[in-house]
Protein chains: 2
Amino acid sequence: MLRRLLKSDTADSDRASAIEPCAKGPTTKELILDAAEELLQRRSYNAFSYQHIAVQLGIRNAAIHYHFPSKGDLGTALIRRYRERYQNYIRQIESGTTDPREMLQGFFKIYLEYLDAGDMVCPGGVLGAEFTSIPCSMQEETRLMLREIYEWLISVLLRGRDSGQLRFGGTPEGKALEIGCALQGALQIARCTDKDRFHLVLQQIEADLKPV
Amino acid sequence: MLRRLLKSDTADSDRASAIEPCAKGPTTKELILDAAEELLQRRSYNAFSYQHIAVQLGIRNAAIHYHFPSKGDLGTALIRRYRERYQNYIRQIESGTTDPREMLQGFFKIYLEYLDAGDMVCPGGVLGAEFTSIPCSMQEETRLMLREIYEWLISVLLRGRDSGQLRFGGTPEGKALEIGCALQGALQIARCTDKDRFHLVLQQIEADLKPV
DNA sequence: GTCTATAGATCGATAGAC
DNA sequence: GTCTATCGATCTATAGAC
């Protein structure tokens, strides 16, 4: 249902590369990460517990602690996996097109998927809002995640401006941050009111970037 | 230290309007709201407890429950008071200038104060991120708060565009949402990385609005 | 690798004295 | 209006059997 874009593929890479068909599904560890990730974006970090995950997966509290000794370990692993999938998604986009506008659409698509999943905000938004009350290791991973996200977005805007396909004043750094922050905030606002608010923001961003 | 802009004045209105000087400070109830508001923007709703407030004010847990029976009551009262102060601030701005650009600066100032206070995000950002895990009454107040904030911002942009002092494509509704969401997200990003990120976003917003 | 059982801490909330 | 004392729930985490 979720993670269609930022799809995990570590399950396959972990499996033996035997020739015979291996129909083994995702491991418990991955299922825990899946559940935790969705709970993070739906309820926030401080508002979900091991119990939520245990009930959802039909396992016991202690089973989760076996894979992730502390909740901070789980949260840190969650962001790290998110970062890896994000890099894969970027590579996929970069290998599929050279048009910065299409790349930007790929970026927007991530947020649109959160929106369509219903009541989900982006990881950066939750972790930013709860930043002072999450473990240090999670704070570190959050910083890395944000750095990587904006590094790529800046490069897309830079290429778009150079080719004349995107138009904006100020700096690519400023514009990338403005766009990312607006989308992050828009998911939060949309959750409080209605989905249309997000689309309004998205339309505004696109209108601002349109060459004359 | 805080709330210089959105300063509470209910303390004075509650006092008897006698002629003799009344040096009575803010009531305990107001001090509780002050502490809760700062904790909300610093730690988020789910990450602060009555204990935090009690220690900070040098009172006991039960004393807070006397003024606010449940934590949801406290949270709801907090947002309601915020809304009232916000309306006062808007009225103050409207009575001080007719220049939409100055009004916008007044709007930006709110966020700049949160930034300068250190590690604070805006109420809308926290409540949006934790929206699904806060009481219904708080959700309702949050919706009202957002409605009022953007209603005014839209009117400012509309007047600015009509007078030619502000320039932007799309609709005033879309632009207002984009600006508000960008500032909300920027406070969260700045908290994760560094304050300069917020100023970058602010500069970008201002550059986008500048008439040619 | 998952279970039962439980420790230890914190939290929201209430009763009743002063 | 604030206090002491405490209850019940929930949460993170661990020990040990299977």
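Naming: A, B, ... by sequence-line order, numbering from 1 per chain. Small disclaimer: the values here were computed from a predicted structure and weren't measured.
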K.L.:
Where does the chain A footprint on DNA chain D start and end, counting 5' to 3' with a 4.0 Å heavy-atom cut-off?
P.N.:
D:dC11 to D:dA15
K.L.:
If only side-chain N and O atoms count, and only distance matters, is there a donor-acceptor pair under 3.5 Å linking A:Arg91 with A:Asn88?
P.N.:
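Short answer, yes.
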K.L.:
May I ask you to verify if any side-chain N or O of B:Ser49 is less than 4.0 angstrom from the OP1 or OP2 atom of C:dC11?
P.N.:
yes
K.L.:
What residues form a ring pair (Phe, Tyr, Trp, His ring centres under 6.0 Å) with B:Phe131, not counting sequence neighbours?
P.N.:
none
K.L.:
Just jot down the side chain to side chain donor-acceptor pair (under 3.5 Å) partners of A:His199, sequence neighbours excluded, or say none.
P.N.:
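A:His199 satisfies side chain to side chain donor-acceptor pair (under 3.5 Å) with no residue once adjacent residues are dropped.
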K.L.:
Ring pair (Phe, Tyr, Trp, His ring centres under 6.0 Å) with B:Tyr111: which residues, sequence neighbours excluded?
P.N.:
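Ring pair (Phe, Tyr, Trp, His ring centres under 6.0 Å) check on B:Tyr111 returns B:Phe107.
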K.L.:
If you look only at distance, which donor and acceptor atoms sit under 3.5 Å apart when one is on a side chain in residues 175-183 of chain B and the other is two or more places apart or in another chain?
P.N.:
from, atom 1, to, atom 2, distance (Å)
B:Lys175, NZ, A:Asp208, OD2, 3.0
B:Lys175, NZ, B:Glu178, OE1, 2.9

K.L.:
Restricting to pairs with a member in residues 144-154 of chain A, which pass side-chain hydrogen bond (donor to acceptor under 3.5 Å, both in side chains), not counting sequence neighbours?
P.N.:
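Qualifying pairs, neighbours excluded: A:Arg83-A:Glu148, A:Gln87-A:Glu148, A:Glu94-A:Trp152.
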K.L.:
Residues two or more places apart in sequence or in another chain: which of them pass salt bridge (charged side-chain N to carboxylate O under 4.0 Å, His left out) with A:Arg197?
P.N.:
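Checked A:Arg197 against salt bridge (charged side-chain N to carboxylate O under 4.0 Å, His left out); matches are A:Asp194.
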K.L.:
Rounded to whole angstrom units, what separation is found between the OH atom of A:Tyr50 and the P atom of C:dA9?
P.N.:
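After rounding, the reported distance stands at 19 Å.
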K.L.:
Round to the nearest Å and state the distance from B:Phe48 atom CZ to C:dT10 atom P.
P.N.:
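Between P of C:dT10 and CZ of B:Phe48: 18 Å.
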K.L.:
Show the atom names and distances, to 0.1 Å, of all donor-acceptor pairs under 3.5 Å that link a side chain in residues 56-68 of chain A to residues at least two apart or in another chain.
P.N.:
from, atom 1, to, atom 2, distance (Å)
A:Asn61, ND2, A:Gln51, OE1, 3.2
A:His65, ND1, A:Pro69, O, 2.8

K.L.:
For DNA chain C, which residues of residues 59-70 of chain A approach it to below 4.0 angstrom with any heavy atom?
P.N.:
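Per residue number, the list reads A:Ile59, A:Arg60, A:Ala62, A:Ala63, A:Tyr66, A:His67.
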